[in-house]
J.: 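Here's a structure for you.
Treat the numbers as computed from the prediction; the structure is a model and nothing was measured.
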Amino acid sequence: MSKQLDAIMKPKAVAVIGASTKAKTIGSEIMIKLVDYKFNGEIYPINPKADTVNGLKAYKSILDVPGNVDLAVIVVAKDFVMSVIDQCAQKGIKGVVIISAGFKETGDEGLALEEALLAKLKENDMRAVGPNCLGVINTNENIRLDATFAEELPVAGKVAFVSQSGALGGGILNILKDLGVGFSQFISIGNQADINAETMLEYWENDADVNQILLYMESIANPANFRELTSRITKKKPVIALKSGRSAQGASAASSHTGSLAGADVAAAALLQQSGVIRANSLLEMFEISKVFETCPMPKGNRVAIMTNSGGPGIMATDALVEYGLEIADLKAETTETLKSFLPSAASVKNPVDMIASAPIEHYKKTLETLLLDENVDMVMAIYLPFMGVQPMDAAKALMEIKAAHPEKPVVAVFMAKQEFFAAISDVETNMPFYMFAEPAAYAMSKLEEQRKWLARPVSACPTFEVDSAKAKQIIKAALKEGRDQLTTLESIDVLEAYGIRSCRYGFANSVDEAAKAATEIGYPVVMKITSPRISHKTEVGGVIVGIQNEADLRQEYADLFERLISKGFGKEDLDGVIIQEMVKGSRELVCGIAKDPQYGHLMMFGLGGIYVETIKDVAFKVAPLSEIDAQELMESVKAYEILEGARGAEEANIPQIRETLLRLSQLVSDFDFIEELDINPIKVSDKTQEGIAVDGRIRIDMEKAKAELSCGCACGCK
């Protein structure tokens, strides 16, 4: 793959098929950019009606070009693209950038044309960017490729950027200098018929010119592959993503607790977090974060020292840093004594260190150096306000001088200066990022800490347990045979037990006498609950009775149950029977569930359970399959975890057993991909054993997928 992509990103010769002599056309602009950016290879304009284009000899066809061509940039009408690809293949060209639009973005006819295009590319072992894209850039001095039609020439740097939107990418290229970020390579993938974000992630993984990767994505073509790639790459260099489309379709039907709580963006957020990708919520955030990674080393911890020449901004910086989970460093006594030795008596030598408004340049230098030498300080935020004639550029140069002598710790500068300063600093080679306000600086610093934690996070596998998958399969087949896509409560619990998930002891009853017999065998007190594929939430119809102490009470509750169902419009035909369960005594209730996202696959939920799960919403999500660390992080990310740890003197729950429950559920949906929804609510933490026990469950399946995967072949869909 690398050699083929080199033809696109590191070509020695480029042909522009559709090069134009007409000003302000895409074919003209691309030629101008290639020449103006001083491409280090050969440029061949292809135009059947012109002798020269932009001062270069033009050729009527790519087949007329005398030398070898690595990259063809195609700027012709969509109806001619296929024949041009044929000619490129005949010429032996392995890389093409298809600027031309009119493909799948236009509808079914365009989609068919794009599919035919992809088939032709594969047939000729060619790789393509686009169609419907802005182009590609490589700022390496030995290449200097700008094959785009953006207005401004690129600013060189160490950042690689993939944009799914051509217009957005062009807009960013036009303001790179203002953003304070430079690109090493840029690619606009457009319709990503062939090359997509994952392709480029793998290509840039070990590229020495690329220190960080930025992604603008509207969709993720292959979430599983994306996760595998980024989980590996983010251990080598930061990957920062702006994922749009937050209002896309949700994860599942609202009949499931998990589905109703899993918003449209939950799966994407979970996938990025599990992959070590740093997520930005806006373009501005993306570049604010990129700036800090461009010039800062990885910190050794999250302790921040603040130096300022004004108390107010120092307090605001403190608030922002704490809000983003960073710690205000406790300065060593030697540090404060050193600060006292040169700062005026009116200064504050506690953190934040307030040098006061009259601070001269020398105080900036000495204060920064003193803080950097403190072993309790992992990062420094240096704040400057224009006072007492100290010029911002002089202050910036002084700080950068000290930083150069102490490169091992991140220093982030906040200069509340005029825009002219930021325009001037963009022309200077800097060794620290500059922000106008403390809040975005603090946010960027928190992302340094996020990356530090990710790098320290051990690699964890997805465990496999010994389970009775055959039993689970037979239960599901039985439901299919009856034409049901939803398992009964009893069937759901049996599937859970087949996968080693601790559930309440139970008995099934079709009559009051059978219920009484089951209760005697289990032992009072017991719980009685209805089981029905037509009633999703039993508590809403009064279908759960707890604390039944004896047989007389059981018989009365059984009669009352049917009266309640009738009053709510249900008949005996809506009820499969009742389940008699052991009554687990426990005040702590959890919820665990799975919903099938149409793009990202199974999404696992964990949190505070019970009847208020959708009201309190103390839940978190991860994309399955789960590793052991994923499962632990899923538990720790909800407030209810403190309850499991034993809040207010309660005994600690059996956390390893509850974590294993999540892992076993992950294995269940990995084995049976057709499970659409699964809810266990509640999982009660037993006061006696502290283990998490599933007391209720519901499973819904995709019938057509289940039939196919289980090889059901009879007329009714199952053997």
J.: If only atom types and distance count, is the side chain of T139 paired as donor or acceptor with the main-chain N or O of F183 below 3.5 Å?
T.: yes
J.: Tell me, please, which residues at least two apart from E198 pass salt bridge (Lys or Arg N to Asp or Glu O under 4.0 Å).
T.: none
J.: Could you tell me the separation between the CG atom of N302 and the CG atom of L448, rounded to the nearest 0.5 Å?
T.: 11.5 Å
J.: If a pair satisfies salt bridge (Lys or Arg N to Asp or Glu O under 4.0 Å) and one of its residues is in residues 230-241, list it, with sequence neighbours excluded.
T.: E205-R232, E205-K236
J.: State the NZ-CD distance between K300 and E375, to the nearest 0.5 angstrom.
T.: 9.5 Å
J.: For N196, is there any backbone N or O sitting under 3.5 Å from a side-chain donor or acceptor partner on T199?
T.: yes
J.: I'd like to know whether T689 forms a side chain to side chain contact (heavy atoms under 4.5 Å, CB included) with N654, so could you lay out the CA-CA distance, the side-chain angles of the two residues, the decisive distance to 0.1 Å, and finally the verdict.
T.: CA-CA 8 Å; T689 65; N654 188 341; over 6 Å; no
J.: Is the backbone of S426 close enough, under 3.5 Å, to the side chain of T430 for a donor and an acceptor to pair up by distance?
T.: no
J.: Could you work out, with salt bridge (Lys or Arg N to Asp or Glu O under 4.0 Å) as the rule, every residue matching E337, not counting sequence neighbours?
T.: K340
J.: Side chain to side chain contact (heavy atoms under 4.5 Å, CB included) for M400 and I425? Distances and angles first, verdict last.
T.: CA-CA 12 Å; M400 288 192 289; I425 202 70; 4.2 Å; yes
J.: Using only atom types and a distance under 3.5 Å, with no angle test, would you say the side chain of E691 pairs donor to acceptor with the backbone of S686?
T.: no
J.: Counting C-beta onward and ignoring hydrogens, is there a side-chain heavy-atom pair between I187 and W204 closer than 4.5 Å?
T.: yes
J.: If only atom types and distance count, is the side chain of S219 paired as donor or acceptor with the main-chain N or O of A221 below 3.5 Å?
T.: no
J.: Indicate the atoms forming the closest heavy-atom contact of F293 with P238, along with that distance.
T.: CD2-CG, 3.5 Å
J.: Counting only heavy atoms not in E652, do more than 12 fall under 6.0 Å of its CD?
T.: yes
J.: Begin from the C-alpha positions of Q451 and V292 and carry the test side chain to side chain contact (heavy atoms under 4.5 Å, CB included) through to its verdict.
T.: CA-CA 12 Å; Q451 181 71 2; V292 80; over 6 Å; no
J.: Any heavy-atom pair between the side chains of T335 and L339 that's under 4.5 Å?
T.: yes
J.: How would you list all residue pairs meeting salt bridge (Lys or Arg N to Asp or Glu O under 4.0 Å) that involve residues 398-418, not counting sequence neighbours?
T.: K365-E401
J.: Which donor-acceptor pairs under 3.5 Å do the side chains of residues 317-325 make with protein atoms, sequence neighbours left out?
T.:
from: T318; atom 1: OG1; to: G314; atom 2: O; distance (Å): 2.9

J.: Going through the distances and angles, do F161 and L173 end up as a side chain to side chain contact (heavy atoms under 4.5 Å, CB included)?
T.: CA-CA 10 Å; F161 183 36; L173 288 169; over 6 Å; no
J.: Please report the shortest heavy-atom distance between S231 and Q274, naming the atom on each side.
T.: OG-O, 4.0 Å
J.: Are Y600 and P223 close enough that some pair of their side-chain heavy atoms sits under 4.5 Å apart?
T.: yes
J.: Table please: side-chain donor-acceptor pairs of residues 637-646 below 3.5 Å, with sequence neighbours left out.
T.:
from: S637; atom 1: OG; to: E633; atom 2: O; distance (Å): 3.2
from: S637; atom 1: OG; to: L634; atom 2: O; distance (Å): 2.8
from: Y641; atom 1: OH; to: Q632; atom 2: NE2; distance (Å): 2.9

J.: If you compare all heavy atoms of L331 against all heavy atoms of D374, which two are closest, and at what distance to 0.1 Å?
T.: CA-OD2, 3.6 Å
J.: Taking only residues two or more places apart in sequence, or in another chain, which ones meet E628 in a salt bridge (Lys or Arg N to Asp or Glu O under 4.0 Å)?
T.: none
J.: I want to check something: taking the side chain as every heavy atom from C-beta on, are I213 and L201 in contact at a cut-off of under 4.5 Å?
T.: yes
J.: Are the side chains of Q273 and F621 in contact, using a 4.5 Å heavy-atom criterion?
T.: no
J.: Going by the side-chain hydrogen bond (donor to acceptor under 3.5 Å, both in side chains) test, which pairs reach into residues 208-217, not counting sequence neighbours?
T.: N140-D209, Q212-S290, Q212-E294, Y216-E218, Y216-S244
J.: Kindly say whether F434 contributes a backbone atom to a donor-acceptor pair with the side chain of K291 at under 3.5 angstrom?
T.: yes
J.: Return a table of donor-acceptor pairs under 3.5 angstrom between the side chains of residues 384-393 and protein atoms on other chains or two or more places apart.
T.:
from: Y384; atom 1: OH; to: V390; atom 2: O; distance (Å): 2.6
from: Q391; atom 1: NE2; to: G389; atom 2: O; distance (Å): 3.3

J.: Write down the atom of V591, the atom of L608, and the distance for their closest heavy-atom approach.
T.: CG1-O, 3.5 Å
J.: Using side-chain heavy atoms (C-beta onward) and a distance below 4.5 Å, is C296 in contact with V412?
T.: yes
J.: I want to check something: taking the side chain as every heavy atom from C-beta on, are I629 and P458 in contact at a cut-off of under 4.5 Å?
T.: yes
J.: K366 vs E369, test: salt bridge (charged side-chain N to carboxylate O under 4.0 Å, His left out). Steps then yes/no.
T.: CA-CA 5 Å; K366 286 185 176 180; E369 185 165 42; over 6 Å; no
J.: Does D630 have any salt bridge (Lys or Arg N to Asp or Glu O under 4.0 Å) partners at least two apart in sequence or in another chain, and if so, which?
T.: R227, R457
J.: Please check this pair: side chain of N376 against backbone of D330, looking for a donor-acceptor N/O pair closer than 3.5 Å.
T.: yes
J.: Check whether any side-chain heavy atom of E362 lies under 4.5 Å from a side-chain heavy atom of F342, and answer yes or no.
T.: no
J.: Please name the pair of heavy atoms, one in F422 and one in F415, separated by the smallest distance, quoted to 0.1 Å.
T.: CZ-O, 3.3 Å
J.: Could you give the side-chain donor-acceptor pairs of residues 435-443 under 3.5 Å, partners two or more places apart or in another chain?
T.:
from: Y435; atom 1: OH; to: E288; atom 2: O; distance (Å): 2.6
from: Y443; atom 1: OH; to: E285; atom 2: OE1; distance (Å): 3.1

J.: Can you confirm whether more than 12 heavy atoms, excluding those of M316, are under 6.0 Å from its CE atom?
T.: no
J.: Judged by atom type as modelled, is there a donor-acceptor pair below 3.5 Å linking the side chain of S666 to the main-chain atoms of L626?
T.: yes
J.: Search all heavy atoms of K243 against all heavy atoms of A268 and return the closest pair with its distance.
T.: CG-CB, 4.1 Å
J.: Tell me the side-chain hydrogen bond (donor to acceptor under 3.5 Å, both in side chains) pairs involving residues 344-358, sequence neighbours left out?
T.: none
J.: Is it the case that the side chain of D378 and the backbone of R303 share a donor-acceptor pair, with hydrogens and angles ignored and the cut-off at 3.5 Å?
T.: yes
J.: S670 side chain to A624 main-chain N or O, any donor-acceptor pair under 3.5 Å?
T.: no
J.: In terms of side-chain geometry, is the basic nitrogen of E449 or R452 positioned less than 4.0 Å from the acidic oxygen of its partner?
T.: yes
